[in-house]
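Data first, discussion second: the structure below is written as structure tokens.
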Amino acid sequence: MPDAESDAEQFMTKAIALARENVLGGGRPFGAVLVMDGAIISTGVNQVMATKDPTAHAELVAVRAAATKLGRATLTGATVYASGHPCPMCLAAMRLAGVTTIAYAYSNEDGAPHGLTSAALYADLRKPFAEQDMQFVYQPVRPEGEDIYEIWSARQRG
């Protein structure tokens with residue numbers, strides 16, 4: 001009979017090993033393993049340095065790979081084992097994908113002395129839009145033609 005605690009430790013150990021390999025190869029120290037029904041569906045490492053893509057975080061790489069492999073955008077029931085505390089972008093993407101559980105080995109506090117924390121970003125996002133560092137502008141432009149949301153709704157109804 002499989003031991004869920006032992007499996008979880010093995011999945012986390014793999015996420016950390018991926019992060020270690022990534023650092024040794026010139027990348028950032030982040031790895032992720034996406035698991036469903038006790039099996040690894042995909043893995044990812046932070047590819048920001050290699051690709052210059054600021055969204056190429058380990059968790060998103062793993063989520064994209066799993067969605068492609070499974071041929072669907074919903075990953076309900078998945079657990080992501082991440083070497084580090086997920087940033088708000090990764091957290092939001094995993095939520096949108098339906099990931100059920102996120103486990104991480106290094107907290108924002110662990111990463112802070114190394115410049116590897118998203119705590120300030122989380123704090124900023126807790127503020128009302130008008131108080132955040134990024135400016136939000138609602139610009140309700142509606143060009144001539146059929147409304148994009150109406151098109152969407154009509155297609156959903158068949």
Side-chain angles (χ1 to χ4, degrees), residues 8 11-12 15-16 18-20 22-23 25-36 41-158:
F11 297 141
M12 186 61 77
I16 294 168
L18 289 166
R20 182 177 293 115
N22 202 45
V23 169
R28 300 187 78 201
F30 300 105
V33 176
L34 190 143
V35 175
M36 294 180 83
I41 304 299
S42 63
T43 63
V45 296
N46 184 291
Q47 298 175 0
V48 172
M49 304 295 283
T51 64
K52 309 304 184 243
D53 175 357
T55 70
H57 290 199
E59 299 92 334
L60 291 185
V61 171
V63 164
R64 290 173 185 146
T68 298
K69 181 177 182 177
L70 298 173
R72 62 180 198 244
T74 304
L75 303 172
T76 304
T79 298
V80 173
Y81 294 86
S83 60
H85 187 282
C87 75
M89 174 184 66
C90 292
L91 179 62
M94 289 186 283
R95 276 215 148 151
L96 288 169
V99 171
T100 307
T101 305
I102 301 165
Y104 58 95
Y106 288 80
S107 69
N108 272 321
E109 292 77 20
D110 295 328
H114 309 282
L116 300 169
T117 179
S118 55
L121 183 52
Y122 272 106
D124 192 50
L125 289 172
R126 281 193 288 275
K127 298 175 188 174
F129 285 161
E131 297 174 22
Q132 290 186 23
D133 290 339
M134 178 184 281
Q135 183 180 9
F136 290 80
V137 179
Y138 175 60
Q139 191 172 348
V141 174
R142 303 294 193 269
E144 295 273 335
E146 200 171 355
D147 183 86
I148 58 175
Y149 284 8
E150 292 299 328
I151 296 169
W152 166 257
S153 291
R155 288 178 170 256
Q156 298 313 300
R157 290 188 296 267

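The basis for the numbers below is simple: all heavy atoms, side chains too, and nothing from hydrogens, waters or symmetry mates.
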Applying side chain to side chain contact (heavy atoms under 4.5 Å, CB included), run through Thr101 and Val80 and close with a yes or a no. CA-CA 6 Å; Thr101 305; Val80 173; over 6 Å; no
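- Side-chain atoms of Asp53 never come within 3.5 Å of backbone atoms of Gln47 as a donor-acceptor pair (strictly under, hydrogens ignored).
- For the atom pair SG of Cys87 and CG of Leu116, the computed distance is 12.0 Å after rounding to the nearest 0.5 Å.
- Shown here are the side-chain contact (heavy atoms from CB on, under 4.5 Å) partners of Leu96, two or more places apart in sequence or in another chain: there are none.
- To the nearest 0.5 Å, the span separating OG on Ser42 from CG on Leu34 amounts to 4.5 Å.
- The OH atom of Tyr106 sits 8.5 Å away from the NE2 atom of His114 when rounded to the nearest 0.5 Å.
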Working note: Leu75 + Met94, criterion side chain to side chain contact (heavy atoms under 4.5 Å, CB included); need CA distance, chi angles, decisive distance, verdict. CA-CA 8 Å; Leu75 303 172; Met94 289 186 283; over 6 Å; no
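- One N or O on the side chain of Asp124 and one on the backbone of Asp133 form a donor-acceptor pair closer than 3.5 Å.
- Atom CD of Gln156 has more than 12 neighbouring heavy atoms from other residues, nucleotides or ligands inside a 6.0 Å radius.
- Lys69 places a side-chain N or O within donor-acceptor distance of the main-chain N or O of Ile41, the cut-off being under 3.5 Å.
- Between the OG1 atom of Thr79 and the CD1 atom of Ile102 there is a distance of 9.5 Å, given to the nearest 0.5 Å.
- In this structure, Val23 and Arg28 have side chains that are not in contact, with every pair of non-hydrogen atoms separated by 4.5 Å or more.
- Residues Lys127 and Glu131 come closest through the heavy atom pair CD-O, 3.6 Å.
- Listed here is the closest heavy atom pair of Leu18 and Gly31: CB-CA, 4.2 Å.
- The ring of His85 has its center closer than 6.0 angstrom to the ring center of Tyr122.
- The number of heavy atoms from other shown groups lying within 6.0 Å of OH (Tyr149) does not exceed 12.
- A heavy-atom distance below 4.5 Å is found between the side chains of Tyr104 and Pro86.
- A donor-acceptor contact under 3.5 angstrom links the side chains of Thr55 and Arg64, judged on distance only.
- Judged purely by atom type and a 3.5 angstrom limit, Ser83 has no side-chain atom pairing as donor or acceptor with the backbone of Ile16.
- Here the closest heavy-atom approach between residue Asp110 and residue Ala105 is recorded as OD2-O, 4.1 Å.
- Within the 3.5 Å criterion, the main-chain N or O of Cys90 finds no donor-acceptor partner in the side chain of Glu59.
- Across all non-hydrogen atoms, the minimal contact from Thr76 to Met36 is O-CE, 3.3 Å.
- For the residue pair Ala93 and Leu60, the shortest heavy atom distance occurs at CB-CD2, 3.1 Å.
- Nearest heavy atoms, Tyr138 versus Arg142: OH-NH2, 3.9 Å.
- The shortest distance between side-chain heavy atoms of Val35 and Tyr81 falls below 4.5 Å.
- Residues Ser118 and Pro88 form a side-chain contact, since some pair of their non-hydrogen atoms from C-beta on lies under 4.5 Å apart.
- We find the CD-CZ distance between Gln132 and Arg126 to be 11.0 Å, quoted to the nearest 0.5 Å.
- When the side-chain contact (heavy atoms from CB on, under 4.5 Å) test is applied to Glu146, the partners found at least two apart in sequence or on another chain are Ile151.
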